[in-house]
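Each chain gets a letter, A, B and so on, in the order the sequences are listed, and its residues count up from 1. None of these values were measured; they are calculated from a predicted model.
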There are 2 protein chains.
Amino acid sequence: MKTSGANLDNSAAKRPARRNPESSKRALIMATLDTIAEIGITDTTVSKIIQRAGLSRGMIHLHFGGKNQLLAAAAKSFGQEYFDELDHRVQQATSGPEDVITAVIQADLSEALMNERSTRIWHAFRGAANSNDGIALYSSTRDKRLRDTLHSAFKKIAQEYGEAENSALARDATFGLLVLLEGMWVDYLTNANAFSREVAVSIVLRFIAGLFPNHFQQSQS
Amino acid sequence: MKTSGANLDNSAAKRPARRNPESSKRALIMATLDTIAEIGITDTTVSKIIQRAGLSRGMIHLHFGGKNQLLAAAAKSFGQEYFDELDHRVQQATSGPEDVITAVIQADLSEALMNERSTRIWHAFRGAANSNDGIALYSSTRDKRLRDTLHSAFKKIAQEYGEAENSALARDATFGLLVLLEGMWVDYLTNANAFSREVAVSIVLRFIAGLFPNHFQQSQS
DNA sequence: ATCGCTAATGGACGATCGTCCATTAAATAT
DNA sequence: ATATTTAATGGACGATCGTCCATTAGCGAT
């Protein structure tokens, strides 16, 4: 319960226990993310990280050059974790732009992506991005990639509506949906127990349906 | 540009410069908020706070009992600042629930409430609430009061629609609007320069209009 | 003018921060 | 078997953290 367990499996996996720099790097990054999720980035110190990883003190400076660069690497890894899972879920349903958007919404609000750990880490990196340029590089990645994916999908749908609004409609829908999803993450962070994923998906779809009345019809009247 | 200026006006205002505990408390709280907004809550130390306030080191322990309790007091003060301004703006337009909701939206997205300083402080307190119970008490106040105000307004409007959906409609509208506004604050925090308040208001109103087609009509088709 | 109260001061304190490096040890090359 | 290379160790280091308190100084009461 203290600090052992999560990091010992790398020695049980394939016996790369020692003398494996890549394994050590990953262990440090995972320990960093877990620590941030548990006690916040303010209380995440070098001592806590190496204690959780079960490694020695000098590893951080050896492999990353310092704490800030470890944090930046952790932010990058966290972003990649998110997109690996997102892409895996969205790729399965690409029969049309409407399905892509629905898949993104459901994926972003799924427990695999939006959980207590990820929302805390996401929030911590967001706040730290103001003073840590290394983190800032990767903390906004989530938005940019989501923005591109959604924007291209919305543009296809918007073509079926009025010509004069095409550009503005796709732009507003992208921005609104992104903001809505961001707000959902914040809301989940504040009170995860009272949060309902079903209600969240329903509300997001209602918002989109308001912009595109001919699409995104919901089952309930 | 360094640390003087902002806090010297309390001596120029009414000459309560010294020997005034209330003035000292306020100066410490303001210095705390300004420091958090400028360098983040992680780097906000006792030394930085008292340096900015131009006071002595022992004041924090004397008036608040410690740094954590000063942070909690700052969170409370920040929440009150927000509601004082919000109430002032909403009270001016209370001709109906529709106007109340519109006023809340425009107020929450106005520069007086949603600016770089407030979004950074709000974000910092949100993150610190996970580990600081004193902050947690006041950090979610914004949501709760907004929720009550909006929910009662939406209930009145929802009565004009289908009976079966009245309760769910008002609840979803409140939740959705709150989430949307939270997301707007996050979006403003990430890129304040590219943020457009007009677009934000427009999108929020479009979302509400999607739920209540007979209300919240926008000028543009 | 003197006393009493308390706001205010600023240095001391131990703890902890992040960085760094001399040393150890494991894996590879000779 | 020996030498070389380098991942890994863990303690030392100065800086800074937040807390605390002996002391100073301003203000009202007597």
Side-chain angles (χ1 to χ4, degrees), chain A residues 3-4 7-8 10-11 14-32 35-36 39-74 124 128 131-135, chain B residues 3 7-8 10-11 14-32 35-36 39-75 124 128 131-135:
Chain A
T3 55
S4 61
N7 57 296
L8 293 180
N10 61 3
S11 65
K14 256 202 207 170
R15 222 173 156 288
R18 298 186 148 178
R19 205 72 183 167
N20 189 334
E22 290 307 317
S23 174
S24 298
K25 278 188 178 184
R26 274 188 285 105
L28 284 174
I29 288 177
M30 287 306 169
T32 302
T35 306
I36 290 174
I39 62 176
I41 198 173
T42 300
D43 296 329
T44 295
T45 66
V46 169
S47 301
K48 303 264 182 64
I49 294 171
I50 57 101
Q51 182 183 354
R52 182 184 291 264
L55 297 176
S56 64
R57 193 162 187 71
M59 295 278 284
I60 292 177
H61 176 260
L62 176 67
H63 286 305
F64 296 95
K67 184 194 176 187
N68 277 339
Q69 300 168 59
L70 168 58
L71 288 176
S131 54
N132 189 326
D133 292 340
I135 292 179
Chain B
T3 54
N7 57 294
L8 294 180
N10 60 4
S11 66
K14 257 201 207 176
R15 224 177 153 285
R18 298 186 150 180
R19 203 71 184 173
N20 190 333
E22 290 307 316
S23 175
S24 297
K25 280 188 178 182
R26 273 188 285 107
L28 283 174
I29 288 177
M30 288 305 168
T32 302
T35 305
I36 290 174
I39 62 176
I41 198 172
T42 299
D43 296 329
T44 294
T45 65
V46 169
S47 301
K48 302 262 183 65
I49 294 172
I50 58 100
Q51 181 184 355
R52 182 184 291 263
L55 298 175
S56 63
R57 194 164 185 70
M59 295 277 284
I60 291 177
H61 176 260
L62 176 66
H63 286 307
F64 297 95
K67 184 195 177 186
N68 277 339
Q69 301 168 58
L70 169 60
L71 288 176
S131 55
N132 188 324
D133 292 339
I135 292 178

OP1, OP2 of C:dG10 versus side-chain N and O of B:Ser56: anything below 4.0 Å? no
Rounded to the nearest angstrom, tell me the gap between atom CD in A:Glu22 and atom P in C:dA27. 17 Å
What parts of residues 57-64 of chain A reach DNA chain C, counting only heavy atoms under 4.0 Å away? A:Arg57, A:Gly58, A:His61
Gap between atoms CG and P, on B:Leu70 and D:dG18 respectively (whole Å): 11 Å
Take A:Ser24 and A:Leu55 through the side-chain contact (heavy atoms from CB on, under 4.5 Å) test and state the conclusion after the steps. CA-CA 8 Å; A:Ser24 298; A:Leu55 297 176; 4.3 Å; yes
Does D:dT16 have its OP1 or OP2 closer than 4.0 Å to a side-chain nitrogen or oxygen of B:Ser47? no
Name all residues meeting the side-chain hydrogen bond (donor to acceptor under 3.5 Å, both in side chains) criterion together with B:Ser47; count only those two or more places apart in sequence or in a different chain, and write none if there are none. B:Arg57
A:Gln51 CD - D:dG11 P separation (whole Å): 14 Å
Please give me the minimum heavy-atom distance between A:Ile49 and A:Leu28, naming the atom from each residue. CG2-O, 4.0 Å
In whole Å, what is the span from the CG atom of B:Leu28 to the C1' atom of C:dT9? 13 Å
By side-chain hydrogen bond (donor to acceptor under 3.5 Å, both in side chains), which residues pair with B:Thr45, not counting sequence neighbours? none
Shortest non-hydrogen contact from A:Ile50 to A:Ser56? CG2-O, 3.7 Å
Separation of atom CG in A:Asn20 from atom C1' in D:dA8, rounded to whole Å: 12 Å
Rounded interatomic separation in angstrom, taking CG from A:Leu55 and C1' from C:dG18: 17 Å
Side chain to side chain contact (heavy atoms under 4.5 Å, CB included) partners of B:Ala75, counting only residues at least two apart: B:Phe125, B:Ile135, B:Tyr138
Quick one: is B:Ser24 getting a side-chain N or O under 4.0 Å of the C:dA8 phosphate, OP1 or OP2? yes
Rounded to whole angstroms, how far apart are CZ on A:Arg26 and C1' on D:dA8? 17 Å
Rounded to whole Å, NZ of A:Lys25 lies from P of D:dA7 at a distance of 9 Å
Residues 60-67 of chain B, side-chain donor-acceptor partners within the protein, below 3.5 Å, at least two apart:
unit_1, atom_1, unit_2, atom_2, d
B:Lys67, NZ, B:Thr44, O, 2.9

